[in-house]
Novice: 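First the structure, then my questions, so here it is.
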Amino acid sequence: MGRGTDGRRLVRSGAAALVAVLLSMVVTAGTGTADPADGFPFRDPRLPDGQRIDDLLGRLTLDEKLSLLHQSQPAIPRLGVGYFKTGTEALHGVAWSNDVDADWNVVTATEATVFPQALGLASTWDPDLVRRIGSAVGDEVRGHHAADPDVWGLQVWAPVVNLLRDPRWGKNEEGYSEDPLLTGAIATAYGRGLSGDHPERLKTAPVLKHYAAYNREAERSLTSAGLRPRLRHEYEDPAFRSAIAAGAATGVMAGYNLVNGRPSHVNPDFAEVIRAWTDRDLYHVSDAWAPHALTQLQGYYADETEAYAAMLKAGLDSFTVDDGQPGPMVATLRAALDRGLLTVADVDASVRRVLSIRLRLGHFDPDGGPYAHIGPEVIGSPAHRRLNREAAERAMVLLRNSAGTLPVDPTRVRNVAVIGPLHDALHGDWYGGALPYRVTPLAGIRERLGDRVTVTGVEALDRVALRDLATGRYLTATGTATGENVVAAAGPATAAAQWDQNDWAGDVSTLRNAGNGRYLAGNWGPYHTAETEIGGWFVPQQFALEREPDGAYLIRYAGYETNESWWPYPGRYLTVSPDGAVGTGERAAAARFAREVVESGAATAAAAAARADAAVVVVGSHPLVYGRENADRRSLALGASQSALVEAVTSANPDTAVVLETSYPVTLAAEPATLLWTTHAGPETGRALAGTLFGDRNPGGRLSQTWPRADADLPPDLRDYDIIRSGQTYLYHRGEPLFPFGHGLSYTRFRYANLRVGAPSAGPDDSVTVTVEVTNTGRRTGDEVVQLYTRQRTSRDRMPLRQLRAFGRVTLAPGQTRRVTFAVRATELGHWDVTRDRWVVESAEHDLLVGASATDVRQHGTLRVRGETIPPRDLSRSTRAENFDDYDGILLVDETKVRGTAVEGAGSGGWIAFTGTALDARSRTLTVRAARSAPGDETIEVRLDSPTGPLLGRATVPSTGDRYAYTTVQAALAGTTGVRDVYLRLGAGLRVSEFTIGPGAG
């Protein structure tokens, strides 16, 4: 979900919350409870849920029913039904919600427990821990709801299960992993915690985000993900299906993007596929404002009446539009009923699902249900703080320790330098609450070492003056109010003309004024130093200093609004007028600055490190800078100044531990000998870090995402969702990563031995046990994450290089051995057969690979699966064009507005391949169902063996006048026999939905 464009937040005080909870004890409408004496059957917990829902549904007027399809559902006083609001954000703690009584501003949780980012939770590889965290978050949602039920709804929009196929995605920290099994396991655990343990009633109602193939922020409402059938069935759907099938989620949110040319908000899979994964009612929701996008951005429908009807019929049940006012939506849906685009039965089906979830939340129970007793006292409780520290500790990943620097013996140090831009800072993210307290790395290390050790903190940023080469004037702050704009002022460079520069990542920096401690920020043209923090919807504190060949610098404003189509200026660069006014213009008019270093951060850091017994460098990302909702990254490179800092400190003191605190994998200019990673882990970061550095906690976290060695290891286009063809993720990438999926070191060592496979072979319905003995051969207790991968040796199709099938995190004392057992079901080793549109388990040998990461395999085994052999393709049967084996120069597009995928030629040389096709004497006619909106004819060629191989025939398709108007054409083919690869070459703009190659129509 995206917040309002102004990014404003309202914070309710603790006192106000207590007043609200007292009121809630008197007024029950907000909680949905009522006097059981009203006699309505839907209030009677003794009746079956279905009967209660039927009773309530039958009492509602049509307008009341329609109002329940909005995010902000008004109370129905005549029935004692209270107000209900969907969409409390709770990704890694209670984060924020919307207040309909305050102009739909955002209310941020200020006292809630902020757990590590979702990426960090996954790096624990510990579903039990994540379930406990989910339960704590669910309790705190209930606590906030008790304090203010109008703001803090019990339907929570979490977790995010979009797969992390490309770390340049701006929302990388919101997801769990690039792997569907790990993602599903962690999502299921978190969702189960949020849902509670009651067999019928819900603590909260978790909603999974964002279906489907949502991995791009730039132009996210205009970008279409090409999702081949194999990717959908093998990669995308399993992450969602796991949590839904396990009953750990009560619905799914649609993504802003399009999939195969169709907006996700009208994807029929919501009704036809996802609901088939469970027997429970699912309550699917839109993302914020997205229903408007169907007409206003995507232009997919002529008007909103048509669009809203299509959304509801596709299976979505809730519209997040028009702030807290359901009236416009009700009017639009009424118009859809009047026009025959919807029926009352369509409305009733969705309303029934809404009521089902509300009933399970206890809204219609006289006592509010089994979780109604949870109050504000749970929020930020000591138990939750302890759990948070445990999570932050278990999420730490030791990436490298080649010099044996860690753990640091606290009895052997007298002076420790803690250095870097994150040494004494913690930052929240877009989907986290306000940090209620902060134990920074510096504070945590000081607390751990006590007064016996001198702990010195050094931020070590470059302090620079920026002199306009044309005028000789310096970029200078004039005050801290919004209207007090920076100017180019005559020298000398006083403190007001000096800036602490932090290169966060890629080419984006922040500039903090040395005179007033405020950040340089954009202000729709002028620039000021009114900001005390980095934040806001557009994060206007972002700049890029671009070095010219002659050594001069241009300063580009990089606030996120510069990426919007309505950005009002012709350029993004700082300009300086003759009178010293600073403005915005095109690159050609940009002011050229000399960057004069007043104080070198690297030199300051090196000096501090040289004086210390041990040094800790804390560098990394800011969660809101260079990538976040609505903005992707172009590079994974750690900022230049931070890279220089790492190199300077490690050179000055070999006993240096480098700590990376990031929301995504980064690439490093140099490779330090000691490297510890954590995501932004919340207020307990400092204690968790100190405990790990000084050996109180042995790091046991593992990477849930591959760290590429360089940007070049990623596909050129972030929109390329085809991980099979582009070789993305550990599943298909053949290069050597910087750090592999599943990687993480320990302060002890583990030996794997005696791999045993329960049976040498298995039928397609069999299950086989795999056991391995793991021994801690070191001197410290530690955690090992034992990982089982499989690799299918032979297949008709391109298979993963290896694929995670099971894992377990185990704690072992020195010398202790534990036998770890996994179950492998042969059906789970299957894949999607595009030749027959179904799952297949092939007859093949499978390598069983057990070890400490995707590439650190310690034990090998084999399993022979007795499955089937995929026969040669039979194109005489109707074949969907999307079921190709290979392709180039084509797009996957919507066959119709309602359902189906077609293939469209993106240029004159586009082709799709169907390998291993059996051709015989009857293969003499091509029959194609095709459409073409452009005027004139286009052709489809049938070739053998390659896109330029022998031509069998050519069909001509006339213009059909509309991309959804299909015609069937035929063409005679030259005779050929045998098993051959068949290629269809498509003309530009030509759409093909299905075809056959066989006998003619007679």
Side-chain angles (χ1 to χ4, degrees), residues 113-116 120 380 382 385-396 398 401 405-428 435-461 500 502 517 533 601 604-620 622 642 645-646 648-650 652-662 672 674-699 747:
T113 307
V114 180
F115 289 94
R385 289 190 177 195
R386 290 191 295 271
L387 180 61
N388 201 12
R389 179 172 178 177
E390 180 185 355
E393 288 175 337
R394 292 176 74 81
M396 295 269 172
L398 183 60
N401 197 23
T405 302
L406 294 180
V408 177
D409 186 344
T411 67
R412 296 191 176 187
V413 292
R414 294 292 180 267
N415 187 310
V416 175
V418 187
I419 301 166
L422 293 174
H423 86 289
D424 196 26
L426 296 178
H427 298 293
L435 298 180
Y437 61 96
R438 287 173 167 83
V439 182
T440 67
L442 178 64
I445 290 171
R446 281 178 171 162
E447 178 184 284
R448 171 62 181 82
L449 295 179
D451 296 336
R452 186 186 58 81
V453 178
T454 300
V455 179
T456 305
V458 182
E459 189 177 27
L461 298 182
D500 293 330
N502 188 3
E533 299 286 345
T604 301
R611 294 191 297 267
D613 299 328
V616 178
V617 181
V618 190
V619 294
H622 189 292
Q642 295 198 64
L645 181 67
V646 169
V649 175
T650 53
N653 189 332
D655 294 320
T656 294
V658 178
V659 178
L660 273 174
E661 186 177 347
T662 70
T674 305
L675 193 59
L676 181 68
W677 175 78
T678 176
T679 190
H680 295 277
E684 291 289 338
T685 298
R687 291 193 179 104
L689 178 61
T692 304
L693 291 172
F694 296 102
D696 304 328
R697 165 70 70 172
N698 193 340
Y747 296 155

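These numbers come from the heavy atoms of this one structure, side chains and all, not from hydrogens, waters or symmetry mates.
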Novice: Could you report the tightest heavy-atom contact between G380 and T113, atom names first, then the distance?
Specialist: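 For G380 and T113, the tightest heavy-atom pair comes out as CA-OG1, 3.5 Å.
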
Novice: If a pair satisfies salt bridge (charged side-chain N to carboxylate O under 4.0 Å, His left out) and one of its residues is in residues 411-426, list it, with sequence neighbours excluded.
Specialist: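 Listed once each, the pairs are D409-R412.
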
Novice: Taking all atoms of both residues into account, what is the closest heavy-atom pair of P672 and T650, and its distance?
Specialist: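 Closest heavy-atom pair between P672 and T650: CB-CG2, 4.3 Å.
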
Novice: P436: what forms a side-chain contact (heavy atoms from CB on, under 4.5 Å) with it, not counting sequence neighbours?
Specialist: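 With neighbours one apart ignored, the set is V114, P683.
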
Novice: Under the rule for side-chain contact (heavy atoms from CB on, under 4.5 Å), what residues qualify as partners of A609, not counting sequence neighbours?
Specialist: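 Applying side-chain contact (heavy atoms from CB on, under 4.5 Å) to A609 gives I419, A615, V649, A652, N653.
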
Novice: Mind jotting down which residue pairs meet the salt bridge (charged side-chain N to carboxylate O under 4.0 Å, His left out) criterion with at least one end in residues 681-692? Sequence neighbours excluded, please.
Specialist: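 Salt bridge (charged side-chain N to carboxylate O under 4.0 Å, His left out) check on residues 681-692 returns E447-R687, E684-R687.
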
Novice: Do you know the tightest heavy-atom contact between V416 and L449?
Specialist: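 Smallest interatomic distance, heavy atoms only, reads CG2-CD1, 3.9 Å.
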
Novice: Could you note down all residue pairs passing salt bridge (charged side-chain N to carboxylate O under 4.0 Å, His left out) where residues 448-460 supplies at least one of them, sequence neighbours left out?
Specialist: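 Qualifying pairs, neighbours excluded: R448-D696, E459-R512.
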
Novice: According to side chain to side chain donor-acceptor pair (under 3.5 Å), who are the partners of N415, at least two apart in sequence or on a separate chain?
Specialist: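 Side chain to side chain donor-acceptor pair (under 3.5 Å) list for N415, sorted by chain: empty.
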
Novice: Nearest 0.5 Å please: distance from the CD atom of E661 over to the OG1 atom of T678.
Specialist: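 Rounded to the nearest 0.5 Å, the CD-OG1 separation comes out at 6.0 Å.
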
Novice: List for me each residue that meets salt bridge (Lys or Arg N to Asp or Glu O under 4.0 Å) alongside E533, sequence neighbours excluded, and say none if there are none.
Specialist: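 None.
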
Novice: Could you state the interatomic distance from OG1 (T440) to CG (L435), rounded to the nearest 0.5 Å?
Specialist: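 T440 OG1 to L435 CG: 11.5 Å, rounded to 0.5 Å.
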
Novice: Using a 4.5 Å cut-off on heavy atoms from C-beta on, say whether the side chain of T692 contacts that of P407.
Specialist: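 No; the side chains remain at least 4.5 Å from each other.
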
Novice: At their closest point, which heavy atom of T679 faces which heavy atom of G120, and how far apart are they?
Specialist: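 So the two residues come closest at CG2-CA, 3.3 Å.
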
Novice: Calculate, to the nearest 0.5 Å, the distance between atoms CH2 and CG belonging to W677 and L398 respectively.
Specialist: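 Atom-to-atom, W677:CH2 and L398:CG are 13.0 Å apart.
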
Novice: With sequence neighbours excluded, what pairs up with R389 under the side chain to side chain donor-acceptor pair (under 3.5 Å) test?
Specialist: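 Listed in chain order: E393.
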
Novice: I need the minimum non-hydrogen distance between G620 and L660, along with the two atoms involved.
Specialist: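 Heavy-atom minimum between the residues: CA-CD2, 4.5 Å.
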
Novice: Applying side-chain contact (heavy atoms from CB on, under 4.5 Å), name anything that partners P441, two or more places apart in sequence or on another chain.
Specialist: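 P441 satisfies side-chain contact (heavy atoms from CB on, under 4.5 Å) with L426, V618, L689 only.
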
Novice: Would you name the heavy atoms of L461 and P421 that are closest together and state the gap between them?
Specialist: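 So the minimum-distance heavy-atom pair works out to CD2-CB, 3.9 Å.
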
Novice: Name all residues meeting the side chain to side chain donor-acceptor pair (under 3.5 Å) criterion together with H622; count only those two or more places apart in sequence or in a different chain, and write none if there are none.
Specialist: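 Partners of H622 under the side chain to side chain donor-acceptor pair (under 3.5 Å) test: H427.
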
Novice: Can you tell me how far the CD atom of Q642 sits from the CG atom of L645, to the nearest 0.5 Å?
Specialist: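 Here the rounded value is 7.5 Å.
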
Novice: Would you say the side-chain atoms of R697 pair up with the backbone N or O of A688, donor to acceptor, closer than 3.5 Å?
Specialist: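 No, the answer is negative, given that no donor and acceptor are paired below the 3.5 Å cut-off.
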
Novice: Residues in side chain to side chain donor-acceptor pair (under 3.5 Å) with T674, at least two apart?
Specialist: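 Expected list: T405.
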
Novice: Any side-chain to backbone donor/acceptor pair from N698 onto Y747? Under 3.5 Å, distance only.
Specialist: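 Present.
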
Novice: Could you go through the side-chain contact (heavy atoms from CB on, under 4.5 Å) check for D613 and D655 one step at a time?
Specialist: CA-CA 7 Å; D613 299 328; D655 294 320; over 6 Å; no

